[in-house]
Amino acid sequence: MKERYDPHEVETKWQSKWREARIFEPEPDDRKKFFITIPYPYLNGNLHAGHTRTFTIGDVIARYKRMLGYNVLFPMGFHATGTPIVGLAEQIAKKDPETIRVYNQLHQIPLEVLDNIKTPEQIVEFFSIEDEAAMKSIGFSIDWRRKFTTTDPHYKKMITWQFNLLHGLNKVVKGAHPVRWCPHDENPVEDHDILRGEDATTIEYTLIKFKLDGEILPCATLRPETVFGVTNLWVNPKIVHMRVKVNDETWIVSKEAYDKLKFTDKNVELIGQVNGDALIGKKVTNPVTGSIVPILPASFVSPENGSGLVMSVPAHAPYDYLALRDLKGADLTAYGITEDVSSIPLIALIKVPEYGKYPAVDAVSELKVKDQNDPKAEEATKLVYRREFHGGVLTETTGKYAGMLVSKIKDVLARDLITQGIADVFYEFSEQPVICRCGATCVIKMVKNQWFLNYSEPSWKEQVYKCLAGMQIIPPELRVEFENKIDWLKDKACARRKGLGTRLPWDPEWMIESLGDSTIYMCYYIIAKYLDEFEPEQLKEEFFNYCLLGKGTAQSVSSSTGIDIGIINAIRNDFLYWYPVDLRSSGKDLIPNHILFFLFHHVAIFPETYWPRSIAINGFVSLEGQKMSKSKGPILTLRSAVKEYGADITRLYILSTAEHVQDADWRSADIESTRKQFERFYKIAYDCLAEQNNGNCELKFIDKWMLSKLQYRIRETTDALNRMQTRRAVQNAFYHMMNDMKWYERRGGIAAKKDVLNTWVRLMAPFTPHICEEIWEGQGKDFISLNKFPEADISLIDRSAELAEEITGNTLRDIEEILRLIKLKPKKVILYTAPSWKKNILKKAIMMKKDNVLDMKTLMNALMSDPQMRPHAKEIPKFAQKIITDVQGMENELMISLTEMDFDETCALKESLDFLQRVVECDVEIFNADDAGYDPQGKSRMAVPMRPAIYIE
RNA sequence: GCGGGGGUAACCAAGCGGCCAAAGGUGCAGGACUUAAGAUCCUGUUUCGCAGGAAUUCAAGGGUUCAAAUCCCUUCCCCCGCACCA
């Protein structure tokens, strides 16, 4: 160990020692195993601070478990399938200036390297080397023999096997799905392809088919339940409608709606046109209730929305009610309508606590909405909708749905109508317009004949719930989130036309989507170690069936594949040993996708014994308050952080800056201060080791205090690590320990120092392994990485040493406060510890608290009947009152120590006398108030247990 | 809209019924050391107080309790996800 700390020297030294000794390359043995995995990084850029956080947390747990005696498998691979790498290769190949800038300056790739990149394969090659080097540079304890890339031919064999298996289990099915679509590019648009309307989501409307002389007037609605309250239809007389053949039916819709229909899975054919005013006055049949209702004119109907036709439910929709009211007295004879339409009776169907029978009417009058063009109409609509959705119950009007909650029945009702053929689904953007990068307006297209993973299948979900119930979720509060997300997950399109990846074995026009191919790859780490032993072609289905599922025999697999039977047995044994995954640790962005799929695929493929055991989730990392972006910046790469600060400091910083799902903010000012603290740690260790051997001294209170404190730190650190609270762990193992050591040194502690350091360095080893190896080097024979993690030794917990330090600290603080107030330089300080009668009262009060009978009256009775208390009768009431308040809020442990130990305050203070005199820079004398020799101002009366009275002159 | 997470002193951030005027860090101020800078170490950092004390605080308002930053209700505000994209 050198006097000056040079992180890079220390770190490269130990990294190569670890590598040479192959200490992170585990093989099955008789220890308990621990299999931890972390999502492999996607190879379209360098690892950044976000990876640094997730991966470091994983490495800390791996190292911690290893030091607890587990046989730990911590592997790593690389993800390359999908479209972004292909896109990046194109951008680099055509020298896109922005891409070149980001990758040159932010990802720090030299221009001459970028110049030579022409293909996606080169990108994969380049970043897999970079990322591996980065992970090695920060000291992750990864078994690199198992590395692979998802585009490897061997890996593809495993994916092919998996998908064939799922297909056979009916988990992959054909269907149609709505996607955002650019009619110009004829492609689905992804988020980054959108110029305007990025926030638009797809909304599912129900299209209810009203009938008019054999033709259909479909009305789009978000509230299908209100079909029971329809009194009329609204048509804008000023717009021209299209008559369209839709499958076997004839529909009348707006021009805009017709355009949208062309992209659905329906066959549409334009037949002719109908003017809006020609429809008005006609009567349509409500397909649900059978009632006949008129078509009326309304200006608020927009051709852009839905079908361009609106069903009117004036009892529950303010717009409908207003439009109806606005027609009062209007002359509609031109449309052949003679009756006064404003007197059409409303039909109520939802009962809601806030309103009377007709919520729309109440809302309109409450907000004083004037007419259908009043902006407040929108507000009233939202209000009614919200209240009816959350608190509404359907009335008898709705027949068999009566009594149901609106929020519960909505979807069921819509499905019912659709299966009866009287309704349809219609998709629309929540915001319009949505504009593609090419300038075209996007639509929602129904992609047909798409392959889906059938995640919505109830029995599949049931299995996943079961798996989740048996798992540990870290942090535990996230469990409900997982349950919700499993519930929410729908079928997922699993095939794409472009990108890197594996082809669907039974329909090779399609590429397996890249989230689908990274669900059970953890089991592939077991095979990946043996890749030199066979060619991809040898990895036939029976190989995986045997090695991963135990189907068939090693003998038959060996003869059909030509793979050595010894290898096959070894892989099978490795699988049986290592599986299941004990811990999957990941960033929170992967919860609604990868982590879910990980669970779904595991339960579908493996028997219950091999289902994952726990999942841990952590938050993001921002940079000086700014969100990081791989493609736009800002970004901080792992390598540049390590280059600047060293591996250990980077690790310590990123671990300590946020806990669990909280987002961390990387600030260079903060990591600078971590660096300083860390250098102090190094110095403390260096000085301690350089000191002459001073063991065998008698331990004083302060030494016992330090050893005692250390046990708490170990206990807290262990507890924190068991809950994967790395921040709290570092807080205890490093920052609090640092402050304890400061106090210990300041108090002149020496005797326990070497022992403390020996434990401390092992406590720190999972977090900052390099420096700990360096400090350990002289001390232990073996790597500290393979040593035992400290265990708290209860016999070293010394409550009287703690009380002694507490009273010393309290007293010093009190003296300093007085000095500050009186602003004098003291000549002499005299301390008076509490008299025995006060201690007795305290003990009595604590006893009463334990028996739950502590109150003023009981205490006073007890005291007054005690003859020994008589002499102090005058002082007792006031003191007792104070003691009661103190004891009420006292910590249990303190009460125990105060009653059960015969702690001598005077003796404790005498031991720290030198220290006190040094700090206050004058003589300090100590008396017991029972026997105060010198007390000119009678201060000794103020003495209280654990708080001596003070007299300063 | 649906679902999840939050609002704590100048800032970051612990605490989630009683040793809480509230850990730790940063910043700021004062002091020690030093020729000086830096580093390091002490002390302070809501307000008032020339004897260790008191008052008012944890988004806002109300409630439960001997006791609330912590539990309950209402309101306001912020962040994230909502998919075929990794």
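Here is how names work: the chains are called A, B, and so on, in the same order as the sequence lines, proteins then strands, and each is numbered from 1. We use all heavy atoms of the structure for the numbers below, so side chains are in, but hydrogens, waters and symmetry mates are not.
Remark: the separation of the P atoms in B:rA68 and B:rA55 is 14 Å, to the nearest Å. The separation of B:rU65 from B:rA60, taken at their P atoms, amounts to 23 Å, rounded to a whole angstrom. Taking atom P on both nucleotides, B:rA21 is separated from B:rU70 by 15 Å, rounded to a whole Å. Here, B:rG27 and B:rG81 have their P atoms 33 Å apart, quoted to the whole Å. For B:rG49 and B:rC33, the P atoms lie 31 Å apart once the distance is rounded to whole Å. Straight-line distance between the C1' atoms of B:rG38 and B:rC50: roughly 38 Å, to the nearest whole Å. Distance check on atom P: B:rC71 versus B:rG6 gives 11 Å, rounded to whole Å. Across B:rC73 and B:rA23, the matching P atoms stand 29 Å from one another, rounded to whole Å.
Atom OH of A:Y5 and atom P of B:rU40 are 15 Å apart (whole Å). Computed from coordinates, the A:H594 NE2 to B:rA83 P distance equals 20 Å when rounded to whole Å. Rounded to an integer number of Å, the gap from A:R479 CZ to B:rG5 P is 14 Å. Following rounding to the nearest Å, A:Q626 (CD) and B:rC79 (P) show an atom-to-atom distance of 16 Å. Rounding to whole angstrom units, NZ of residue A:K485 and P of B:rA83 are separated by 11 Å. One atom, CH2 of A:W181, and another, C1' of B:rC84, lie 13 Å apart when rounded to the nearest Å. One interatomic measurement links the two molecules: CD of A:E204 to P of B:rA83, which rounds to 12 Å at whole-angstrom precision. Per the geometry, NZ belonging to A:K490 stands 13 Å off C1' belonging to B:rG3, to the nearest Å.
A:E90 pairs by the side-chain contact (heavy atoms from CB on, under 4.5 Å) definition with A:V86, not counting sequence neighbours. For A:F879, the ring-ring contact (aromatic ring centres under 6.0 Å, His included) criterion is met by A:W837, not counting sequence neighbours. For A:D740, the side-chain contact (heavy atoms from CB on, under 4.5 Å) test picks out A:W705, A:M706, A:K709, A:R713, A:M737, with sequence neighbours left out. Qualifying ring-ring contact (aromatic ring centres under 6.0 Å, His included) partners for A:H79, counting only residues two or more places apart in sequence or in other chains: A:Y40, A:Y42. The side-chain contact (heavy atoms from CB on, under 4.5 Å) test applied to A:I818 returns A:I822, A:I950, A:I952, not counting sequence neighbours. Evaluation of the side chain to side chain donor-acceptor pair (under 3.5 Å) rule for A:D665 yields A:S622, A:R667 as partners, not counting sequence neighbours. Here A:S673 pairs with nothing under the side chain to side chain donor-acceptor pair (under 3.5 Å) rule; sequence neighbours left out.
If you check the side chains of A:Y712 and A:E802, you find a donor sitting under 3.5 Å from an acceptor. Side-chain contact annotation: A:D935 with A:S940, donor-acceptor N/O pair under 3.5 Å present. Remark: the A:S668 side chain and the A:E624 side chain contain an N/O donor-acceptor pair separated by less than 3.5 Å. Side chain to side chain, A:Q450 and A:W510 fail the donor-acceptor criterion of an N or O pair below 3.5 Å.
Residues A:Y385 and A:N739 both approach RNA chain B. Their nearest nucleotides, taken by heavy-atom distance, put A:Y385 toward the 5′ side. Along RNA chain B, the nucleotide nearest to A:Q731 and the one nearest to A:R680 differ in position, and the one closer to the 5' end is contacted by A:Q731.
A close approach under 4.0 Å does occur between a side-chain nitrogen or oxygen of A:S514 and OP1 or OP2 of B:rA86. A:T83 has a side-chain polar atom (N or O) that falls below the 4.0 Å cut-off from OP1 or OP2 of B:rA86. The shortest distance between the side-chain N/O atoms of A:N593 and the OP1/OP2 oxygens of B:rA83 is not below 4.0 Å. Taking side-chain N and O atoms only, A:K382 has no distance below 4.0 Å to OP1 or OP2 of B:rG1.
When distances run from any side-chain atom of A:E816 to the nucleotides B:rA86, B:rU43, B:rC2, the shortest one goes to B:rU43. Closest to the side chain of A:W488, out of B:rC84, B:rA83, B:rG25, is B:rA83. Listed nucleotides: B:rA86, B:rU40, B:rC82. Nearest to the side chain of A:K676: B:rU40. For A:A493, the side-chain atoms get nearest to B:rC84 when compared with the rest of B:rU40, B:rC84, B:rA86. The side chain of A:R746 has B:rU43 as its nearest neighbour among B:rA23, B:rU43, B:rC84.
A:N732 comes within 4.0 angstrom of nothing in the nucleic acid, heavy atoms only. A:R180 comes within 4.0 angstrom of sugar-phosphate atoms only, judged by non-hydrogen atoms across all strands, and of no base. Using a 4.0 Å heavy-atom distance criterion, A:L489 is classed as a base contact.
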N/O donor-acceptor pairs under 3.5 Å from side chains in residues 485-495 of chain A, not counting sequence neighbours:
residue: A:D491; atom: OD1; partner: A:Y455; partner atom: N; Å: 3.3
residue: A:D491; atom: OD1; partner: A:S456; partner atom: N; Å: 2.9
residue: A:D491; atom: OD1; partner: A:S456; partner atom: OG; Å: 2.6

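Taking the centre and axis of the six-membered ring of A:F620, the NZ or CZ atom of A:K588 falls inside the cone set by 45° and 6.0 Å. Annotation: cation-pi pair A:R747/A:F915 present, NZ/CZ under 6.0 Å from the ring centroid and within 45° of its normal.
Between A:F429 and A:W181, the distance from one ring center to the other does not fall under 6.0 angstrom. Ring pair A:Y645/A:Y653: centre-to-centre distance not below 6.0 Å.
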Nucleotide-resolved protein contact map, nucleotides 10-19 of chain B, B/S/- at heavy-atom distance under 4.0 Å: --SSS---BB

Walk along nucleotides 48-56 of chain B from 5' to 3' and tag each nucleotide B, S or - by protein heavy-atom contact under 4.0 Å, base first, then sugar-phosphate. -BSBBB---

Let's test your reading of the pairing rules: Watson-Crick or G-U wobble, both distances under 3.5 Å, then write RNA chain B as a dot-bracket string with ( ), [ ], | and dots. ((((((((.[[[..)..(.....]]]((((((.......))))))(((....)))...[[[[[..)....]]]]])))))))....

Heteroatom pairs (N/O) under 3.5 angstrom, protein to nucleotides 71-76 of chain B:
none

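No more than 12 heavy atoms of other residues, nucleotides or ligands lie within 6.0 Å of NZ in A:K498, so this atom counts as exposed by the packing criterion.
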